[in-house]
Amino acid sequence: MSNTPSKPPAVGPGIQLKGGAAILAPISAFPNGVPGNALVLLPITSAGTPLEKKIVEGPVALQMDEVWKLLGFNGPAVQVQDEQGRPIAIGLEDLLGGLEKHWNEGAEDLNRGRIFAQELMKYGRHEKAEKVLSKVVALGGDGEDWLGLGVAQLAQKKLDKAEATLRGAQNLLKASPFPSLQLAKVMKEKGDRKGERENTERAIQIDNNSVDAWAYLANAIREQQGDDAMLAQIEELANAPVNARCGAPYIALQGFFAADVKDEKAREKALALAKKAVERAPGDALALLCLSAIYGQVGKVEEVVKLLAPQEALMTRDVRIAHNYFEALFQMRDMQKITALLNKLATSSVREVKQFAIERSRAISQMMQQQQQAAQAAPQKA
């Protein structure tokens, strides 16, 4: 069983690892050796018996749902946490079935329905999610439930229903930009670009630090008028007095160019926009994250350290900033600063940050031990 390689290697007479399915074959089908990117599947339950009979005649192509069954999962494997917070894998159908049973056993507990609906939405089961959220709303759900219901309806192209539901969410979530942002998507689906623009700008008026809202507006302008118009109109709106100290417009804009790191002009645009975001909002974690990431992509490691060194207090709350700073220090092999950083992060009250510090400390310790062992072994060989 193999992931699809970019250049399928020959693995036996007439066998190529390619396509969207896995290949199940006896070891004898690989006289030249098992390819390095293969995984060995050993059926250990009765589910494997029919296939064992089939593969005697040669390789068997499997769809991924068949592979999951062979591995003992009911549906694709998804990662969840057990009661102790440890990651475990479970079949998607078992996960959803268990959540549905839990919801049915206590339908008055709205949180059970919310958790069930959230997982349904995550895996594209929008019709089922709509039914669950409709019940939650009917039982006295809050604005977030109305918003989720509207999103589920929008995903199914039930535009009139979605519009009515999202307007209800707007009334309940007056301080949130997301109902207006989802309404903008409804308007776009209806072909009403003016309504789309009005709702997007309303989202920005509600929360001018919403990167999602700025990014949506920028993309809408770009689709209709191109990059130059996008930059000009977003900067004009960003320079309005009410938005003057907001980094979100430039965080959104840099994202349109940062991905194209091979294009020097795009890279320079992204860098300039990310710098503007930090200049406007020096303590904005996302602005710092974007600029440090671009510096890292272009190999300016010293600039990453210079940018993030004053932000150690922020790192104890945001693992993303901690990660970028650690990686820059590691590339510079500044072990003294790395040790001090990890010791500080280990005292964080944020679980992700503390876990990051523990894992990196363990890795550094192992690396140092290996280097010491190699250094001790070198004179003996000489």
Side-chain angles (χ1 to χ4, degrees), residues 117 121 126 129-130 133-134 136-137 141-259 269-270 273-274 276-277 280-281 284 286-287 290:
M121 294 285 284
H126 298 111
E130 181 187 5
L133 287 169
S134 293
V136 171
V137 166
D142 60 19
E144 292 293 340
D145 301 319
W146 282 74
L147 175 59
L149 177 58
V151 172
Q153 292 166 337
L154 172 58
Q156 299 172 78
K157 308 297 184 186
K158 297 179 178 179
L159 302 182
D160 290 337
K161 283 187 175 182
E163 181 178 353
T165 303
L166 291 169
R167 292 200 185 283
Q170 264 186 336
N171 293 331
L172 293 168
L173 298 172
K174 296 186 185 299
S176 172
F178 295 109
S180 297
L181 202 52
Q182 293 299 326
L183 270 170
K185 296 177 183 180
V186 172
M187 295 301 111
K188 180 181 179 181
E189 289 291 336
K190 287 187 169 187
D192 182 358
R193 300 308 293 248
K194 181 181 178 183
E196 178 190 23
R197 178 72 178 249
E198 288 173 352
N199 277 285
T200 309
E201 291 189 354
R202 178 176 178 177
I204 291 171
Q205 289 169 4
I206 292 170
D207 181 6
N208 63 0
N209 273 313
S210 172
V211 175
D212 287 338
W214 285 102
Y216 187 91
L217 177 59
N219 188 61
I221 297 169
R222 188 189 205 192
E223 285 180 345
Q224 299 173 75
Q225 302 175 52
D227 284 353
D228 291 342
M230 174 185 73
L231 290 168
Q233 291 182 41
I234 293 297
E235 288 208 80
E236 180 181 359
L237 188 56
N239 288 328
V242 69
N243 300 321
R245 300 183 65 182
C246 178
Y250 294 98
I251 296 173
L253 285 174
Q254 64 82 35
F256 290 93
F257 304 100
K269 271 187 181 179
L273 292 165
K276 281 189 178 182
R280 282 177 159 232
D284 188 307
L286 190 53
C290 293

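The analysis underlying the following values was restricted to heavy atoms, covering all of them including side chains, and did not include hydrogens, waters or symmetry mates.
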Result block: side-chain N/O donor-acceptor pairs under 3.5 angstrom for residues 228-241, not counting sequence neighbours:
unit_1, atom_1, unit_2, atom_2, d
Gln233, OE1, Arg197, NH1, 3.3
Gln233, OE1, Arg197, NH2, 3.4
Gln233, NE2, Gln225, OE1, 3.0
Glu235, OE1, Tyr250, OH, 2.9
Glu235, OE1, Lys276, NZ, 2.9
Asn239, OD1, Arg280, NH2, 2.9
Asn239, ND2, Glu235, O, 3.0

*asked:* How close do Val211 and Ala248 get, counting heavy atoms only, and between which atoms?
replied: CG2-CB, 3.9 Å
_Looking at every non-hydrogen atom in both residues, tell me the closest pair between Glu196 and Met187 and how far apart they are._
N-CB, 3.4 Å
*asked:* side chain to side chain contact (heavy atoms under 4.5 Å, CB included), that's the test. Do Val186 and Asn199 meet it? Break it down for me.
replied: CA-CA 10 Å; Val186 172; Asn199 277 285; over 6 Å; no
_Restricting to non-hydrogen atoms, name the atom on Gly247 and the atom on Ala277 that form the minimum distance, rounded to 0.1 Å._
O-CB, 3.7 Å
*Closest non-hydrogen atom pair, Leu217 against Glu201*: CD2-CG, 4.5 Å
_Trp214 CH2 to Asp207 CG distance, which is reported to the nearest 0.5 Å_ = 11.0 Å
*Is Lys158 atom NZ crowded by more than 12 heavy atoms from other residues, nucleotides or ligands, each under 6.0 Å away?*
yes
*State which residue, out of Asp212, Val151, Leu183, Leu166, fulfils the side-chain contact (heavy atoms from CB on, under 4.5 Å) condition with Phe178.*
Asp212
*Which residue, Val137, Leu149, Asp160, Asp145, forms the side-chain contact (heavy atoms from CB on, under 4.5 Å) with Thr165?*
Leu149
*asked:* So, using side-chain contact (heavy atoms from CB on, under 4.5 Å) as the criterion, who are the partners of Ala117 when residues are at least two apart?
replied: Val132, Leu133
*What residue pairs, at least two apart or across chains, pass side-chain hydrogen bond (donor to acceptor under 3.5 Å, both in side chains) with a residue in residues 172-187?*
Gln170-Ser180
*Can you name the nearest heavy-atom pair linking Met121 to Gly148, along with the distance?*
CE-O, 4.1 Å
*Under the salt bridge (Lys or Arg N to Asp or Glu O under 4.0 Å) test, which residues partner Arg167, sequence neighbours left out?*
Glu163
*Kindly check if the number of other-residue, nucleotide or ligand heavy atoms within 6.0 Å of NZ (Lys157) is above 12?*
no
*Do you know which two heavy atoms are closest between Gln156 and His126, and how far apart they sit?*
NE2-O, 3.4 Å
_All side chain to side chain donor-acceptor pair (under 3.5 Å) counterparts of Asp227, not counting sequence neighbours_ = Arg222
_By side-chain contact (heavy atoms from CB on, under 4.5 Å) - contacts of Ala169 (at least two apart)_ = Trp146, Leu147, Pro179
